[in-house]
There are 2 protein chains.
Amino acid sequence: MSHSEPGGVRQARKQRTRQALLDAALGLLEEQSLSSLGLREVTRVVGVAPTAFYRHFRDLGELGVALVQESLSSLHTTVRAVLAEQAGAEERIDHTVAVVERYVREQPAHVRFIARERHGGVRAVRQAIAGELDRFAAEVAAALKSQPVSGGWSDEDVRMLAELYVDRLVMTASAFLDVRDGGDQDTERWRAVACTARRQLRLIDVGRQYWRDAGS
Amino acid sequence: MSHSEPGGVRQARKQRTRQALLDAALGLLEEQSLSSLGLREVTRVVGVAPTAFYRHFRDLGELGVALVQESLSSLHTTVRAVLAEQAGAEERIDHTVAVVERYVREQPAHVRFIARERHGGVRAVRQAIAGELDRFAAEVAAALKSQPVSGGWSDEDVRMLAELYVDRLVMTASAFLDVRDGGDQDTERWRAVACTARRQLRLIDVGRQYWRDAGS
DNA sequence: TCATCCAGTAAACAACCGTTCTCCGAGTTT
DNA sequence: AAACTCGGAGAACGGTTGTTTACTGGATGA
């Protein structure tokens, strides 16, 4: 395992420390918010000189934007699968909640980052998250529209429903996270959150089935 | 207008600068988050020595908790009125959204603070907000339960619905805020957000009307 | 009137911050 | 093999931070 690539050793090392910076930042952000995160703090964890930071990001805001993409891309692809599947409402709801559960368990730091910085103090990061969730909502809207239940729905209403769903996904994930580092016994409170989340989605789904257009 | 109170001049002055600290902090928090706010930064705006801060708060976390109470008490009483009123679903929804609109217009800093620090980096403040919203949800649940539509609803389901409502209120307020400092023309996007918010509440209400209990 | 209290002051502390500049040395290209 | 890139190191900069210690002076209560 020595020389094989024609000339990517240099770039590979660069992207490795870049990833190390992202990972270190994500770790530190579990107990503070981005606008209070220090440049030196990050480089110290990685074990590089503070000046090395500038070889990868102009400032912490730029790193934050990179973290947004990293955090949402994984969930994005996972949920896409759930949306595509042809199944009953009940089943789809169960799968959705299960996917969120798994995501929170496997990538808690990513979830926390998104929930925290969605309304956080760094404008560029807020906008990046908003844009990403917007694309997300658009996909959900497209999936919803293709379902037979949406007959006679205006595009605006479908979009409205999609945003409702996306917001709930984020809130549910955040709720799972809260009980997770709440400390207590996982199983009890955790299952309660899952149950509540399912019921809320079910209620929205009922509203969807009996929805009738009205003015304004 | 000189001597009238028996002995509250000293305490009155103290609470005045205390309020000044709260106001200054709230202003500074429009463009950053609490965990990055500096103690000296606050006292500088007020015009007092940094050490004077300790006469009022142990640290910025304690100030944050005080801000939570201040921020939510006003909205709390306002929404209480809407909950109490006996009116049709359509009317109540319109009133609710109108109240949120007014709140965002009159107290944008408070709304931003709550939305930002709800998932922010300071544990004590997060818990304070969670606790306050919990009491809030309990009140909403009580109001919902007393309505005839809730016949046969379990307490758990009523609570589930109440949390759904509260979350939506916060998200709606935050959405208004985003379009507010998005800059563009207020009227157009603003009315769109209001319209979407009404429709989402309406859809939830439809779901509520046709809700039927089911296991798990 | 006089002793007491206490909100606010002033100075100094060590620690940390973001950023600039210069330099090095291993990987890359010719 | 020589010339060149460029990620990273190192040192230094001016500035800010939270906190401590000792002190002041006007309201307070006897």
Side-chain angles (χ1 to χ4, degrees), chain A residues 1-25 27-29 31-67 121-125, chain B residues 1-25 27-29 31-67 121-125:
Chain A
M1 57 171 79
S2 50
H3 63 89
S4 57
E5 310 270 341
V9 181
R10 196 97 210 108
Q11 283 193 354
R13 263 210 194 281
K14 174 168 184 179
Q15 277 191 343
R16 175 193 291 185
T17 69
R18 185 191 137 103
Q19 189 59 45
L21 287 169
L22 288 170
D23 292 347
L28 290 166
L29 284 174
E31 285 171 352
Q32 58 186 312
S33 51
L34 183 60
S35 67
S36 74
L37 185 64
L39 180 153
R40 302 179 98 109
E41 210 174 339
V42 178
T43 59
R44 194 182 306 130
V45 172
V46 176
V48 299
T51 52
F53 182 89
Y54 295 104
R55 302 291 182 189
H56 304 274
F57 308 100
R58 194 182 309 276
D59 51 28
L60 280 163
E62 206 170 286
L63 179 142
V65 172
L67 272 180
V122 182
R123 179 178 301 267
V125 173
Chain B
M1 52 175 82
S2 51
H3 64 89
S4 56
E5 311 270 339
V9 181
R10 197 96 205 109
Q11 282 193 355
R13 265 211 194 281
K14 175 167 182 179
Q15 278 191 343
R16 176 193 292 185
T17 70
R18 185 191 138 102
Q19 189 59 43
L21 287 169
L22 289 170
D23 293 346
L28 290 166
L29 284 173
E31 286 170 353
Q32 59 186 313
S33 51
L34 183 60
S35 67
S36 75
L37 185 63
L39 178 155
R40 302 179 95 108
E41 212 174 337
V42 179
T43 58
R44 194 182 307 130
V45 171
V46 176
V48 300
T51 49
F53 181 90
Y54 295 104
R55 302 292 181 188
H56 305 274
F57 308 101
R58 194 181 310 274
D59 51 28
L60 280 163
E62 205 170 287
L63 180 142
V65 173
L67 273 180
V122 183
R123 179 178 301 267
V125 172

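Computed over heavy atoms, backbone and side chain alike; hydrogens, waters and symmetry mates excluded. Since the structure is predicted, the reported quantities are computational estimates derived from the model, not experimental observations.
The shortest distance between the side-chain N/O atoms of A/Arg13 and the OP1/OP2 oxygens of C/dG25 is not below 4.0 Å.
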Let me see the working for A/Thr17 and A/Phe53 under side-chain contact (heavy atoms from CB on, under 4.5 Å), right down to the final yes or no. CA-CA 9 Å; A/Thr17 69; A/Phe53 182 89; over 6 Å; no
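Across all strands shown, B/Arg16 has no heavy atoms under 4.0 Å from either base or sugar-phosphate atoms. Within 4.0 Å of B/Arg58, counting heavy atoms only, lies no atom of the nucleic acid at all. Backbone-only contact: A/Thr17 has heavy atoms under 4.0 Å from sugar-phosphate atoms and none from a base.
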Pairing pattern in dot-bracket form [Watson-Crick, G-U; both distances under 3.5 Å; | = partner strand] for DNA chain D: |||||||||||||||||.|||||||||.||
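When rounded to the nearest whole Å, the span between CZ of B/Phe57 and C1' of D/dT19 equals 18 Å. The interatomic distance linking A/Leu37 (CG) with C/dC17 (C1') rounds to 12 Å, in whole Å. Computed from coordinates, the B/Arg55 CZ to D/dA22 C1' distance equals 11 Å when rounded to whole Å. A straight line from CG of B/Leu39 to P of C/dG8 spans 14 Å, rounded to a whole angstrom. Distance, A/Gln15 CD to D/dG8 P: 11 Å, rounded to whole Å.
Interface remark: the A/Arg40 side chain does form a donor-acceptor pair with the C/dG18 base, using a distance-only criterion of under 3.5 Å. With hydrogens and angles ignored, no donor-acceptor pair under 3.5 angstrom links the side chain of B/Arg10 to the base of D/dG26.
Each of C/dG18, D/dA9, D/dT20 was ranked by its minimum atom distance to the side chain of B/Tyr54; first place goes to D/dT20. If you check C/dA11, C/dG8, C/dG18 against the side chain of B/Thr51, the one that comes closest is C/dA11.
When only modelled atom types and interatomic distance are considered, A/Ser36 and B/Ser36 share no side-chain donor-acceptor pair under 3.5 Å.
Rounding to the nearest 0.5 Å places CG of A/Leu37 at 12.0 Å from CD of A/Glu31.
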